[in-house]
Amino acid sequence: MSVSLKGRNFITLKDYSAEEITYLLDLAERKKKLKKQGILGHSLKGKNVALLFEKPSTRTRCSFVVGCVDEGGYPEYLGRDDIQLGHKETVADTARVLGRIFDGIEFRGFKHSTVEELAKYAGVPVWNGLTDEYHPTQILADLLTMREHFGHLAGLHFVFIGDGRNNMANSLMIGMSKMGVNCTIIAPESLHPKKELVELCEGYAAAAGCTLKISSDPADVKSADVIYTDVWASMGEEAKTAERIALLRPYQVNSALMKATGKDTTIFMHCLPAVRGNEVTAEVIESPASVVFDEAENRMHTIKAVMVATLGNEDD
Ligand code: CP
Ligand code: NVA
């Protein structure tokens, strides 16, 4: 059965099957290989995309811009002070206006309901470039990086350690359990993921034949193939920084924690930006085990795949 994602939104990976996720990873891998040979596509020729950012970004913004231009499209960046989103104009009105002018809309911001409302009213594909709750394009880059490194996904043992209820932990839990990757989230109890999301992901894991475990014990990194962490205070939570540092100190990824996996093949992953000395030591992020810049590069190839699959003409 052939997969077509034409016209689809990309809001969370909950809406995507393992087969559809694999399709996006395969497309990204193909586009990456072609670009390395100097071959670019035309699949977004004549398409204009709006890039809405309420929060700052290096990787996501640049990936949408370069991914779009590589395929012959035109990206327009609209920062928080450029448009009226939700202030002088309702989100629904902005969505309908942008949907008449643009062929696709990316949104990064605070409330997840904003990206859902954009998708409801825009009439063109809407892509989530990060909200307080989810960061699905990052997961595609992470899955591609893991697949490139290990040659497969199913059966790997993935550990996320740190703030277990942030957008990254939520999205990683969905992506790993859909793709058959055994997933452990390690966080202090007050930062455990929401029960409803855990239950949903347990269902995905059961269907994919893998496990999902929520723990508070850093010793549960044992036998991990991947150790993943993220900032202790996400964008918008800056006031909580001191409290989080105190709470999460025992969950820092350092050389002793990497060693506690009992494997010398474990890789270190991080979506970036990273705060060296907080969630990860400089020693680990700079070590040969670290694949963080492969992940960063793969943001572009996977975001390009999302735009091409949902909006473009893949034959071009
Ligand atoms: N990982 C990630 O989303 O990075 P940016 O915040 O720089 O886009
Ligand atoms: N949890 C982080 C992810 C950054 C890519 C944040 O939301 O700031």
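Just follow the structure's listing: the first ligand is 1, and inside any ligand the first atom is 1.
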Next on the checklist: Distance under 4.0 Å to a non-hydrogen atom of His135: what atoms of ligand 1 satisfy this?
Outcome noted: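 The list of qualifying atoms is 2 (C), 3 (O).
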Item to check | Numbering as shown, the atoms of ligand 1 that approach Thr58 to under 4.0 Å (heavy-atom distance) | outcome: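 Those of ligand 1 that fall under 4.0 Å from Thr58 are 5 (P), 7 (O), 8 (O).
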Checklist entry - Is the count of non-hydrogen atoms from other residues, nucleotides or ligands lying under 6.0 Å from Gln37 atom CD greater than 12? => result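 Atom CD in Gln37 is crowded, with more than 12 foreign heavy atoms closer than 6.0 Å.
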Next on the checklist: Heavy-atom count check: over 12 atoms from other residues, nucleotides or ligands less than 6.0 Å from Glu148 CD?
Outcome noted: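 More than 12 within 6.0 Å, yes.
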Protein heavy-atom partner closest to [atom] - residue, atom, separation in Å:
{"atom": "atom 8 (O) of ligand 2", "result": "Met235 N, 2.8 Å"}
{"atom": "atom 3 (C) of ligand 2", "result": "Asp230 OD2, 3.6 Å"}
{"atom": "atom 7 (O) of ligand 2", "result": "Asn167 ND2, 2.9 Å"}
{"atom": "atom 6 (O) of ligand 1", "result": "Arg108 NH1, 2.8 Å"}

Mind checking whether [X] has an N or O less than 3.5 Å away from an N or O of ligand 2?
{"X": "Leu272", "result": "no"}
{"X": "His135", "result": "no"}
{"X": "Arg108", "result": "no"}
{"X": "Ser234", "result": "yes"}

Item to check | Charged N-O contact under 4.0 Å between Glu71 and Lys31 | outcome: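 Answer for the salt bridge query: yes.
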Checklist entry - Salt bridge between Lys304 and Asp70, side-chain N to carboxylate O under 4.0 Å? => result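 Salt bridge present between Lys304 and Asp70.
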Checklist entry - Has ligand 1 got any nitrogen or oxygen that is less than 3.5 angstrom from a nitrogen or oxygen of Cys271? => result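 Checking ligand 1 against Cys271, an N or O pair does fall under 3.5 Å apart.
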Next on the checklist: When you compare ligand 1 with Arg59, is there at least one nitrogen or oxygen pair between them that comes in under 3.5 angstrom?
Outcome noted: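 Yes: some nitrogen or oxygen of Arg59 is under 3.5 Å from one in ligand 1.
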Checklist entry - Got a second to check how far Ile227's CD1 is from His157's NE2, nearest 0.5 Å? => result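 Rounded to the nearest 0.5 Å, the CD1-NE2 separation comes to 9.0 Å.
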Item to check | Spacing of His192 atom NE2 and Glu189 atom CD [to the nearest 0.5 Å] | outcome: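 Atom-to-atom, His192:NE2 and Glu189:CD are 5.5 Å apart.
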Next on the checklist: Taking the ring centre of each residue, are Phe64 and Tyr77 less than 6.0 Å apart?
Outcome noted: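 Judged by ring-centre distance (under 6.0 Å), Phe64 and Tyr77 do not meet the cut-off.
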Next on the checklist: Please classify the Lys55 to ligand 1 contact at 4.0 Å (heavy-atom distances, strictly less than): side chain, backbone, both or neither.
Outcome noted: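 Under 4.0 Å from ligand 1, Lys55 contributes no heavy atoms.
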Next on the checklist: Applying a heavy-atom cut-off of 4.0 Å, say which part of Leu272 lies close to ligand 1: side chain, backbone, both or neither.
Outcome noted: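 Just the backbone.
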Next on the checklist: Within the 4.0 Å heavy-atom shell around Asn166, which atoms of ligand 2 are there?
Outcome noted: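 Matching atoms, with element in brackets: 1 (N).
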Checklist entry - Which ligand 2 atoms does Leu130 reach within 4.0 Å, using its non-hydrogen atoms? => result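 So the answer, numbered in order with elements, is 3 (C), 4 (C), 5 (C), 7 (O).
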Item to check | ligand 2 versus Thr60: contacting region, heavy-atom distance under 4.0 Å | outcome: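 The answer is neither; Thr60 stays 4.0 Å or more away.
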Item to check | Side chain proximity check, Glu286 to Arg276, heavy atoms < 4.5 angstrom | outcome: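 The answer is yes; the side chains approach within 4.5 Å.
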Item to check | Proximity flag Arg299 to ligand 1, non-hydrogen atoms under 4.0 Å | outcome: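 It does; at least one heavy atom falls under 4.0 Å.
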Next on the checklist: So, applying side-chain contact (heavy atoms from CB on, under 4.5 Å) with Met168, which one of Asp142, Val231, Asp163, Leu130 is it?
Outcome noted: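 Result for side-chain contact (heavy atoms from CB on, under 4.5 Å) with Met168: Asp142.
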Item to check | Any donor-acceptor N or O pair under 3.5 Å, side chains Glu202, Tyr204 | outcome: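 Judged by distance alone, the side chains do not pair up.
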Checklist entry - In terms of the angle between their ring planes, are Tyr228 and Phe160 parallel, tilted or perpendicular, with boundaries placed at 30° and 60°? => result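 Geometry flag for Phe160 against Tyr228: tilted rings.
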